Amino acid sequence: MSRLIAFALGAYGGLYVAQNFEVPRIPGPTTLWEKVKEMFKEFEKKDR
């Protein structure tokens with residue numbers, strides 16, 4: 001029951017923030033994955 005309440009409060013809070021503040025849209029999962037792969041490549045280059 002407490003998980004349901006926590007979920008509902010989180011959803012309500014997220015909707016409130018999204019409607020009342022300028023929250024930037026996040027990129028899709030494929031874009032995020034490409035950024036993660038680029039970060040690992042940069043890390044490997046610095047490690048050598």
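Since the structure is predicted, the reported quantities are computational estimates derived from the model, not experimental observations.
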Lys/Arg-Asp/Glu bridge criterion (N-O < 4.0 Å) met for K37, E34: yes

Transitive ILVMFWY side-chain link V23 to Y16, under 4.5 Å: yes

From R3 atom CZ to F7 atom CZ, the distance as rounded to the nearest 0.5 Å: 13.0 Å

Contacts of type side-chain contact (heavy atoms from CB on, under 4.5 Å), residue F40, not counting sequence neighbours: V36

Point-to-point distance, once rounded to the nearest 0.5 Å, from CG of L32 to CD1 of I26: 6.5 Å

